[in-house]
Every structure is written in C-alpha cells, then in structure tokens.
Protein chains: 4
Amino acid sequence: MARKLNPEQHEAKKQKILAAAHNCFLVHGLQGASISMICKEASMSPGHLYHYFASKDAIIVAMTDEYLKSLHANINAHSESDDTATVLVSELWSMKSWTEVEHCRITFELFAEAARNEKVREIMIANTDKVRQLLIATLRAGQARGDVDASFDPEHTSTVLISLIYAAPMIPLIAPHSNFETSRGLITMMIRKFLKPAA
Amino acid sequence: MARKLNPEQHEAKKQKILAAAHNCFLVHGLQGASISMICKEASMSPGHLYHYFASKDAIIVAMTDEYLKSLHANINAHSESDDTATVLVSELWSMKSWTEVEHCRITFELFAEAARNEKVREIMIANTDKVRQLLIATLRAGQARGDVDASFDPEHTSTVLISLIYAAPMIPLIAPHSNFETSRGLITMMIRKFLKPAA
Amino acid sequence: MARKLNPEQHEAKKQKILAAAHNCFLVHGLQGASISMICKEASMSPGHLYHYFASKDAIIVAMTDEYLKSLHANINAHSESDDTATVLVSELWSMKSWTEVEHCRITFELFAEAARNEKVREIMIANTDKVRQLLIATLRAGQARGDVDASFDPEHTSTVLISLIYAAPMIPLIAPHSNFETSRGLITMMIRKFLKPAA
Amino acid sequence: MARKLNPEQHEAKKQKILAAAHNCFLVHGLQGASISMICKEASMSPGHLYHYFASKDAIIVAMTDEYLKSLHANINAHSESDDTATVLVSELWSMKSWTEVEHCRITFELFAEAARNEKVREIMIANTDKVRQLLIATLRAGQARGDVDASFDPEHTSTVLISLIYAAPMIPLIAPHSNFETSRGLITMMIRKFLKPAA
DNA sequence: TATGAATGAGGGTTCATTCAT
DNA sequence: GATGAATGAACCCTCATTCAT
C-alpha cells in the first residue's frame, strides 16, 4: 500500500522549508521565529513540516549547513593557486551594497547558537574547515612563491582571516553611514598588506 | 517617618539584575533566557524584578549599554596620542586565554538583536561611536606623525578596525584548537602592517 | 489524503467556548473570569482555545453578540403590527421567576464593558438597533391606529422603553423579596399607560 | 510613644482614597483597576493605603456605600409630602447632559458586583431601602390625596420606579445620539402617566 | 504616618510537538 | 503525503498584599 516516495520531490520540500526557515530566522531570530511562522512562510501545515524534520533544532541544524554551504560556494570555487586575498573576499566582491550583505546577518544568530549548541558548532567548524583548507593551500603556495610572509603559520592565519570576513556585516550595524565600497576596499587592502612579506 | 529612598541600593539591585541577565543571556540567548531564569540567578522574585525594569526588553537594552561600556573601558582609557593598534587591541591584551574571551560572545547576541531591535542598535552605535572618535583621533595623530598611511579615511578605517576586534571571539568557535596568543599576535600584527604607510 | 475541514464542527466548538465563557463571566465577571477557567468549563486546553479565538477580548465580543442575539430573539419574532408593549415585554413573559432572569445579569457586565470597550459598545448598539427599528415601527403603527400617544417621538420613546426592559434584572438585586409576577405586571402596565394617548 | 491620631485627617484620607478608587473603577472596572493605580491616583503608597483599608474588597464596599449615599442625596433631601415623580427624577434634573450622567455608569459595575458579592449587595439593598422608604411614603401620601392610582402596591411600585432611574445611564450607551433632555422628559412623563389614577 | 522593597500566584498568550483522519 | 485539532508547559508580566524601616 505504501507508495514509493519521490526522493526529488521530498528534497525539494525540505529545501522549501529551509528557505522559509532562513527568512524567518533572519527576521525574528532562531528562537524568536516559531514553527507556525515557518509553516506559513512555507505554505505548509505543522503536521506536514514534522514529516520532513524531527524538530525545530533539526531545522536549525540543517539550515545552518545549507546556508554555510551556499555562503562559501564563492570561495570554494577557487583553486589553490589563486591569491589568498582574492579568494577570501570573493563573496564580498559579488555583492553591490550593504543591502546585499544583510542576509549574512544570520551568521550572528549562528555564532550565538554555536556557542551553546554543539551540533551547530560542529557544522560551523566543518564548513569553515573546508574554506580553511583551501586558504591554507593558497597561503602555502603564496609563501612558496614569495608573495606571502613566510613567517606566518598558515593554520592560524587562515582562521583569523576568515573571522575578518564574517565580521563585515557588523559594519553597517555599528556605523550605519559607512560606504559599502570604501569599506570593502579597506578590508581587501588590509588583507593584502598584512600578507605581503616584510620589506 | 517615611523611609528614605536609597538610590545607591536601588542602583546596586539594578546592577545585580543586569549581571544575572548577562550570564543567562550568554548561556541561553537573549530570547532563550527567561525572566524566571534571570530571577533565580539574581535571587529575586519576578514581581520585584519588574520593580526595577519595565520589561525584558528594557533589561536587554540596559544590559547592552552596561556591557558595551565595560567592554570599551580599556580602549577609552587611552589618549589620542597613543598608537592606534595599541589602543584597539588593549582589551584583548588584558586577557589571558580564550576562556576569558567567552563573555564577549554576548556580542553575537547583540549584533543579531541589533539587526531587528532599534533601541539595541542605537546603543551599539552610540557606544561604538565613542570608541570610533578616539580611534579617529589616534589615526589623525598617526597620520600627522607619519606613522599611519596618509591615504586612509579615518572614519572608515576606524569602523573596519572595530569590526575586526568584535570578530575575535569567533575564532575559537570556528577553529577550537586555535592558540589564543598566536591569534592575538596575528590580529595585532595585521593592524600594524595595515596602518603602516606604504614603503 | 488531507482531512477535510469540517466547518460545522469548528462552529460547534466556538459555540461551546462561548457558552462556557457566558457561564464564567456571569459568575466571576468579564475580568474576573480567567481563560483557564473558561478552558476548564469548556473542557479544552488554553492552546486549543486560542485556535478558535484570537484573544480574551475576541471571546467577550463574540459572546456579547451571541447573547444579545438570543436575548432579542423573542422580541424580533414579532411583527410591526403587534402592540408595542406586548413586543417589548415578550422576553419577560417567557420567564417564570427571578431565577430565570438571572442569566440576564450578564448585561450589567456588558454595559460596564461597553462604557470602555468600543467593540462591545458597537455590538450592543447594533443589536439594540434591530430591536429599536421594530419598536419604532410598532409605535408608528400604534400612532396611526390611535393606540399610541401621537406626540411621542418614536426614536426616543423606543430607546427609553428598551432601557426599561434592561433594568428589570436590577429589581431582585435591590429588593430581594420583590415578587416576580407583580413586578412584571407593573412594568407592563407602566408601558401601556405611558403609551396610551392622553384622555 | 503612640501619637494620638487625628480622626478628621484620618477620615479625609479615606475619602481621598475612595474618590481615587471611584475614578479608577469608573475607567477600568472594579477588577480592572489595580491597587497601584488607585495609589497613583490618590498620590499614596500601597503600604499607606493598606493602613486605611484592609483589602481591595473593603475599598469596593466602602466606595459603593459612599457613592450610593451621594447619588441618593438629592432624593433623600425631599419630604414625604412631595410628588413621587418629582422626588424620583430630582437627581436627573440636577444634570445638564449625558456627560454628567457618565459617572453614574459605575452603577453597572456595582450591579454586576452585587450579583456575586454579598457585602456589596447588602449595601445596595440598604441604600436603596432608604430611598424606597421615602418613595413609599410619597406614594401613600399621593394615594391618600387621590393623585396616585390607589390600586398600586407601594412596595413594588417604588422598586420598579427606582430600577427605571438606574436604567437611565444605559440610554447613551445603546443609542449614542439620543437627546438628553428629550429622554429625561420622556422618563418623567412615563412616571407621571403611570402613577395617575385611571380615568 | 508613610514609604517602597519584596513576594509568588496567577493573569493572558504562545510554543513545539503529537495525533487522528 | 497532508491537514489542522489538540495539548500543556512555559512565556512575559501584573496583581493584591506584607514587611522592614
């Protein structure tokens, strides 16, 4: 009697829920957004939603993974031989204004949640790790080429650089009149000057 | 005889509540921490707590202001003639380990909240502004002395530098095995190399 | 297969809540009756009750409308050609004792609430208006027939007469030993003598 | 050590509280008005208020008595030889508009409360009784003079007439555009025609 | 007299989740 | 697969009242 379920359609529904969840979480916070909110946003009944995710926490976890994957897609598209700074700020250079940066504010929710939710933390670590491995490779290549200060430990350097990128969405919140392009230029220049070998 | 109002004791109670709130918010999040939780932490009944603060939101707002003031105390203790990098990382250098950085994670909650709560945003802006004004002054002094790249706009540069500092507590969350001192050293060096006039 | 929405069952639940609410409000007052009380009376959890009504206020408003409709059913069953006094006291003559009048005491709650709650006031006005229109018609017909004093303004007369009917449940409260039938007879006679054209 | 308390000042404070309570109850209802509200209105701390009244219920009871005494003062000022209708509507004729009737709306609260609070009911009965005794005397005198229908039982007639007066504040609530003077004239005429002996 | 600190039960309401259909 | 009825614990907040000063 049990009908064979269509895996593609199943996956599509899950994506719809995760997209709705991202929107709601962005506006109301991870704890402020309710399941019924997400249901409305996804045009779905709560009973049905629980068919796809076992709990709200499972939605948060899945959404975190999904979001970080998409966020890092720009970076991961690069190769090890590319310049570290270019790789790192590639996401930033794909945007045109602070408005486009706004959806990244969900990372504040995620860092706050990561501090107390082990699963979320693990997902952040795992996703960051992929980026870190790429950056470490570009740093090593840069050091080999003499473009990057040879005294830097690639492990630590890559981590600090990543935190710098995650910090960018803070700028319009602490200084609402900051110019987007100027700020982006400064961040990029900061990274470049930092990496350059001492004269 | 009517009992005299004791403003000191009143203020002490408010501080006690704010400290309890900070702890709870840090562990459970701004929305995850409940009033009854804060009451237990502050050894106080809910009715009494509302004698001091009109709402949970008022507690969040007051706690934000209080926390940022204390966080920036190290920075604001400096004078305009001090070196920008030294001023900026002074808070970081007053700590000894990632464990001591942990209470700063509340800033993730605050940035998330600032994105949707106007009062919190205004308080973050106002508190950051004080720091920014000092940094701008140190940058200008540095430029006058020739220590700081003259092409930098002090307004934007100070903002980007502050965001960099706020990002530090992310490091142990995305790379749990990072060494505290190494990371701190890298951040400090990054700022110094960035500010130095091009050769 | 998705379960069909059953509007009848939904409506039945709402009626059950309104009936429970009327009982509770009658005994404890509009503000004295709590949602949890009404839930117990209606054998329903609070979460579920809020599935049917958005707020306690919405329950009060719906209950007011429901109650006034049922209260005026007797009156509205009459036709324009009927005698005004007969129409007006028809509700009263359907009862047998002060005990049966007791459920009308909810009108005291409603008048008190109407004085400060615009929605309740509007509902009372709207429901009274239906009765008033009928009474106005019977008065005009009576004046045409010469049964009713031609000098009376039907608008004002009908309103004063309605207030008189609403006042009846006060009688056992201010004079607990009043005889029900005697009082009812006096009210009816008062109306008849009042309406009769001057000799 | 105990200072002799000044009974006049003590009574003045109680009156101040009762006046504040009347205002609050009128606006927010007996249960909707809080002690702290009344304290603010009376410029008094809760601890002090409880020095004068043992409980909120005691305030309600005392306020009921106070209010009804003042409300009936007009009526009780008359003598037994006065015309019943004139006595009854004397309060109404001391007012100029519906606005002045508004403070009488507290009677709706009181009737609602009387239905469930024995003390309040007793006070309403006792206060009404005084008025009733006077009306009964005027009715008997009228019957003796031949001005009043001899078939009426003065006990019941007086009670019904009093309920009619209490009903007047309902009029602007159920028909907001009613003219005050016209309504008052109709009420007065209704009573006169009712009492007059049949031709 | 007079204050305002302090309580804790209970107010209306929302929530994540389960279940019958 | 899909619905919305149903739960009850927990949410923020207010209340009448008491107590130390």
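Labels below follow one simple rule: chain letters A, B, ... track the order of the sequence lines, proteins then strands, and each chain is numbered from 1.
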Exercise. For DNA chain E, whose closest nucleotide is more 5', that of D:Ser45 or that of B:Leu49?
Worked result: D:Ser45
For this session: Let me know the distance between CG of C:Asn6 and C1' of E:dA20, rounded to the nearest Å.
Result: 14 Å
Problem set entry | Audit row: B:Leu49, B:Ile17, side-chain contact (heavy atoms from CB on, under 4.5 Å) steps and yes/no | CA-CA 8 Å; B:Leu49 181 143; B:Ile17 293 169; 4.1 Å; yes
For this session: Tell me which residues in residues 14-35 of chain B put a heavy atom below 4.0 Å from DNA chain F, sorted by number, or none.
Result: B:Ala33, B:Ser34, B:Ile35
For this session: Please identify each residue that fulfils ring-ring contact (aromatic ring centres under 6.0 Å, His included) with B:Tyr52, with sequence neighbours left out.
Result: B:His10, B:His48
Seminar exercise, completed: Rounded to whole Å, CD1 of C:Ile38 lies from C1' of E:dG12 at a distance of 11 Å
Exercise. How far apart are the C-alpha atoms of B:Lys13 and B:Met44, what are their side-chain angles, what is the distance that settles it, and do they pass the side-chain contact (heavy atoms from CB on, under 4.5 Å) test?
Worked result: CA-CA 10 Å; B:Lys13 273 275 161 72; B:Met44 191 175 282; 3.3 Å; yes
Exercise. At under 4.0 Å, does any side-chain N or O of D:His48 touch on OP1 or OP2 of E:dT1?
Worked result: no
Problem set entry | Check against side-chain contact (heavy atoms from CB on, under 4.5 Å), D:Tyr67 and D:Leu18 | CA-CA 9 Å; D:Tyr67 175 70; D:Leu18 293 180; over 6 Å; no
Exercise. Is there side-chain contact between D:Val120 and D:Asp57, with at least one heavy-atom pair below 4.5 Å?
Worked result: no
Exercise. How long is the line joining CD of D:Gln9 and C1' of E:dT1, in whole Å?
Worked result: 9 Å
Exercise. If you check the A:Pro46 side chain, which of E:dT18, E:dG12, F:dA2 turns out closest?
Worked result: E:dT18
For this session: Go ahead and write out DNA chain F as dot-bracket, 5' to 3': ( ) for pairs within the strand, [ ] for ones crossing earlier pairs, | when the partner sits on another strand, dots for unpaired; Watson-Crick or G-U wobble, both distances under 3.5 Å.
Result: .||||||||||||||||||||
Problem set entry | Stepwise side-chain contact (heavy atoms from CB on, under 4.5 Å) check, C:Thr64 with C:Ile106 | CA-CA 9 Å; C:Thr64 302; C:Ile106 195 95; over 6 Å; no
Exercise. Would you say a side-chain N or O of D:Lys13 is under 4.0 Å from OP1 or OP2 of E:dT1?
Worked result: no
Residues 20-33 of chain D side chain polar contacts: donor-acceptor under 3.5 Å, at least two apart:
unit_1, atom_1, unit_2, atom_2, d
D:Asn23, ND2, D:Glu41, OE2, 3.2
D:Gln31, OE1, C:Gly32, N, 3.2
D:Gln31, NE2, C:His28, O, 3.2

For this session: Strictly below 4.0 Å, heavy-atom distances to any atom of DNA chain E: list the hits from residues 56-65 of chain D, or just say none.
Result: none
Exercise. Quick one: is E:dG11 close enough that its OP1 or OP2 comes under 4.0 Å of any side-chain N or O from C:Ser36?
Worked result: yes
Exercise. Under the criterion side chain to side chain donor-acceptor pair (under 3.5 Å), which of C:Gln9, C:Gln15, C:Lys14 is the partner of C:Glu11?
Worked result: C:Gln15
Problem set entry | Distance below 4.0 Å between D:Tyr50 side-chain N/O and F:dT17 OP1 or OP2 | yes
For this session: Quick one: sort the B:Phe111 and A:Phe108 rings into parallel, tilted or perpendicular, breaks at 30° and 60°.
Result: tilted
Exercise. Who are the salt bridge (charged side-chain N to carboxylate O under 4.0 Å, His left out) partners of B:Lys119, not counting sequence neighbours?
Worked result: none
Seminar exercise, completed: On DNA chain E, more 5' by nearest nucleotide between C:Gly47 and B:Tyr52 is B:Tyr52
Exercise. For the pair made of NZ in A:Lys40 and C1' in F:dG4, what is the distance, rounded to whole Å?
Worked result: 13 Å
Problem set entry | Carboxylate-amine/guanidinium contact B:Arg116 A:Glu109, below 4.0 Å | yes
